[in-house]
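To start, the structure itself, in structure tokens.
Lettering follows sequence order; numbering is per chain, from 1. Note: hydrogens, waters and symmetry copies are ignored here, and every other heavy atom, side chains too, is used.
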Amino acid sequence: MPPIAAPRGTNDLLPDASSAWRWLHETHARVVESFGYRLVDSPIFEHTELFERGVGTSTDVVEKQMYTFTDRGGRSLTLRPEGTAGVLRAVMAGNALAEVRPARVHYAGPMFRSERPQKGRYHQFQQVGIECIGERAAELDVEVIEAGWRFITALGLADVDIQVNSLGDLEDRQRFREALLAYYRPLADRLCDDCRRRLEVNPLRLLDCKRDAAPAAAAPLITDSLSATSAAYFDDVLSGLRAAGIAATLNPRLVRGLDYYAHTAFEYWHGSLQGSQNALGGGGRYDGLAEVLGFASTPATGYALGVERLLLVARQMATVPPSPPACEAVVCSVEPPQAAIAADLARQLREAGLRVVLDALDRKLDRKLRAADRLGASAAVIVGEDEARDGMATVRDLRQRTQRRVGVAGLVAAVRATLASPVAG
RNA sequence: GUGGCCAUAGCUCAGCUGGUUAGAGUGCCAGGUUGUGGCCCUGGAGGUCGAGGGUUCAAAUCCCUCUGGCCACCCCA
């Protein structure tokens, strides 16, 4: 019988990988908390309706990418395909806005989409994100874009390309959609299959056809359809970005098709990401979402970033810090009779706050010291027959290859001193 | 969901147009005499060649199906 494999499109995080993840999550929390964002967590599954309404029934995500199941009460539940809808629901349901407005929250966790897996795209993937809920103001859009940019920069990823656009409000977009259709309909015969489908389903997507860029070149731009108010709002965002010293590329073809999106839309691009996965993540203003979910109309803005993609680039750029060693010290017995003493010394060191591995296995000391090396320990505590008899322990500095014998009472101090000693070479 | 490439030891890979007991490096375990490591030497364990079926005297090698990975597209993080 073949061993059971991991399900398709999932990843196991073994220790080296998970330390990279911890680094990323801690960096994200540190950066966005410096902007006053606080951590929230919402369920990994929700009522299917939340995503049908919150992501949009006609989108691919909802049409064919959701992991949906029926629970024992006959309710339809879905593993979350994205974070915003659930976090917004949680914040609104918890009435957090009654306390502080806007509410600034961040989150991190797994999302699920059953798309064909590829590098940087999985069935279960992780996102980190922030949401700023409760006010419509250009400066908040700028704040969100800046926070994401600072985070990516803190990971050591240079050359991030921020793409921004404005989708205007609902009326602007309606007007634009008509202009777009008026332009594209006469060209229908010359469009690729995908684009003919987009013409019906999601006209805004026509603009970034990858097969034939020619039709889009002369197409109308949303920026030309913006009302004076919307245009002014967008100008405020752009000048805010400039004032914050953030270089952003104006991209009039950057779109989001859903009705509850409004005004600012943006993506973080990185040159080393190829083809269809050029974005590290993106975000924008979604003033209409709360209402769609049945809550009081509430403006909001936020971003979501793909952890696998960030790490893909970080590994490529070699900015991921090395995994910390498993422990600081290894306690080795020399022969089986000293095993109990060694275990006791290990316990004392742990109680003093050190990270300690006990090696009381029945094998030769040289193997134990070699294993201690591989664990990355800086110190070894050796207990043999002599030490046991005299109530002593040998504390060895594995980096400097020096050692001294100390009384058991002075062990913690001696190990601490060894760990604090400078690394040779 | 559509199309293409791929799948050999824990890891990285070799194995010519089908031919006997499938190899290397690395890692792992052990030994190089008495309780001292990152190097070196020696030995050992570990693979039903992704799974199932077919062609053949003979399949890791050819054919089909499935599973998984990668790439392009759709879409997205």
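- Scored by the ring pair (Phe, Tyr, Trp, His ring centres under 6.0 Å) test, Y233(A) finds H263(A) as partners (sequence neighbours excluded).
- Atom-to-atom, CG of N11(A) to C1' of G69(B) comes out at 11 Å; the value is rounded to the nearest Å.
- Taking 3.5 Å as the limit, the base of G38(B) and the side chain of R374(A) contain no donor-acceptor pair of atoms between them.
- With no hydrogens or angles considered, no side-chain donor-acceptor pair links D172(A) and S225(A) at under 3.5 Å.
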Under 3.5 Å, which donor-acceptor pairs do the side chains of residues 128-140 of chain A form with other protein atoms, sequence neighbours left out?
residue, atom, partner, partner atom, Å
E131(A), OE1, Y286(A), OH, 2.6
E131(A), OE2, T84(A), OG1, 3.0
R136(A), NH1, D287(A), OD2, 2.7

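- Listed candidates were G35(B), C70(B), C75(B). Nearest to the side chain of K119(A) is C70(B).
- Between C75(B), A77(B), G35(B), one nucleotide has an atom nearer to the side chain of R309(A) than all others, and that is A77(B).
- The CD-P distance, from Q163(A) to C76(B), rounds to 16 Å in whole Å.
- In this structure, Y268(A) has its ring center under 6.0 Å from that of F266(A).
- Taking the C1' atoms as reference points, A7(B) lies 11 Å from A60(B), given to the whole Å.
- For the ring pair (Phe, Tyr, Trp, His ring centres under 6.0 Å) test, no residue two or more places apart in sequence or in another chain qualifies with Y107(A).
- On the P atoms, U2(B) is 23 Å away from A77(B), given to the nearest whole Å.
- Rounded to whole Å, the distance from CE on M111(A) to C1' on C76(B) is 13 Å.
- Residues satisfying the side-chain hydrogen bond (donor to acceptor under 3.5 Å, both in side chains) test with D344(A), not counting sequence neighbours, are Q348(A).
- Summarising the geometry, the separation between CD on E308(A) and C1' on C70(B) is reported as 16 Å, rounded to the nearest angstrom.
- Taking the C1' atom of each, C73(B) and U61(B) are spaced 33 Å apart, rounded to whole Å.
- If you take atom C1' in C13(B) and the same atom in G27(B), they sit 14 Å apart, rounded to whole Å.
- L305(A) comes within contact range of no nucleotide atom at all, as no heavy-atom separation falls under 4.0 Å.
- To the nearest angstrom, C1' of C76(B) lies 6 Å from CD of E115(A).
- One can find a donor-acceptor pair under 3.5 Å joining the base of C75(B) and the side-chain atoms of R121(A).
- Checking the phosphate oxygens (OP1, OP2) of G69(B), a side-chain nitrogen or oxygen of R8(A) falls inside 4.0 Å.
- You'll find a donor-acceptor pair under 3.5 Å spanning the side chain of R116(A) and the base of G3(B), going by distance alone.
- For the pair E385(A) and S114(A), both in contact range of RNA chain B, the more 5′-proximal nearest nucleotide belongs to S114(A).
- Taking atom P on both G69(B) and U12(B), the two are 15 Å apart, rounded to the nearest angstrom.
- Base contact: I382(A) has a heavy atom under 4.0 Å from a base atom.
- Remark: R150(A) engages E146(A) in a salt bridge, criterion side-chain N to carboxylate O under 4.0 Å.
- Taking atom P in both U8(B) and C75(B), the straight-line distance is 34 Å, to the nearest Å.
- Distances were taken from every side-chain heavy atom of R401(A) (C-beta onward) to each of G37(B), U36(B), C74(B); the shortest belongs to G37(B).
- Contact check, Q65(A) against C76(B): no side-chain N or O comes under 4.0 Å of OP1 or OP2.
- Judged by distance alone, with hydrogens and angles left aside, E387(A) brings a side-chain donor or acceptor within reach of the base of G35(B), the pair sitting under 3.5 Å.
- Within a 6.0 Å radius of CZ in R404(A), no more than 12 heavy atoms belonging to other residues, nucleotides or ligands are found.
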Got a list of protein N/O to nucleotides 31-34 of chain B N/O distances below 3.5 Å?
residue, atom, partner, partner atom, Å
G31(B), N7, R367(A), NH2, 3.1
G32(B), OP2, K364(A), NZ, 3.1

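- With G69(B), C74(B), G35(B) as the choices, the nucleotide that has an atom nearest any side-chain atom of V334(A) turns out to be G35(B).
- Annotation: ring pair (Phe, Tyr, Trp, His ring centres under 6.0 Å) contacts of Y37(A) (sequence neighbours excluded): none.
- The CZ-P distance, from R405(A) to U36(B), rounds to 13 Å in whole Å.
- Residue side chain R363(A) does not reach the base of A30(B) through any donor-acceptor N/O pair under 3.5 Å, judged by distance alone.
- Using atom C1' as the reference point in both A30(B) and G46(B), the two lie 14 Å apart (nearest Å).
- Residue pairs that meet the salt bridge (Lys or Arg N to Asp or Glu O under 4.0 Å) test with at least one member in residues 261-272 of chain A, sequence neighbours left out, are R256(A)-E267(A).
- Residue-environment remark: CZ (F45(A)) stays at or below the threshold of 12 foreign heavy atoms within 6.0 Å.
- Comparing G9(A) and Y122(A) by the nucleotide of RNA chain B whose heavy atom lies nearest to each, the residue mapping closer to the 5' end is G9(A).
- Between U48(B) and C11(B), the distance separating the two P atoms is 13 Å to the nearest Å.
- F125(A) places its CZ atom 5 Å from the C1' atom of A77(B), with the value rounded to the nearest Å.
- Look at CZ on F266(A): it is 11 Å from P on A77(B), rounded to the nearest Å.
- Among the duplex regions that RNA chain B forms, those built from at least three successive Watson-Crick or G-U pairs under 3.5 Å are B:1-7 with B:67-73, B:10-13 with B:23-26, B:28-32 with B:40-44, B:50-54 with B:62-66, ordered by first number.
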Can I get a per-line list of side-chain donor-acceptor pairs under 3.5 Å for residues 375-384 of chain A, giving both atom names and the distance, sequence neighbours left out?
none

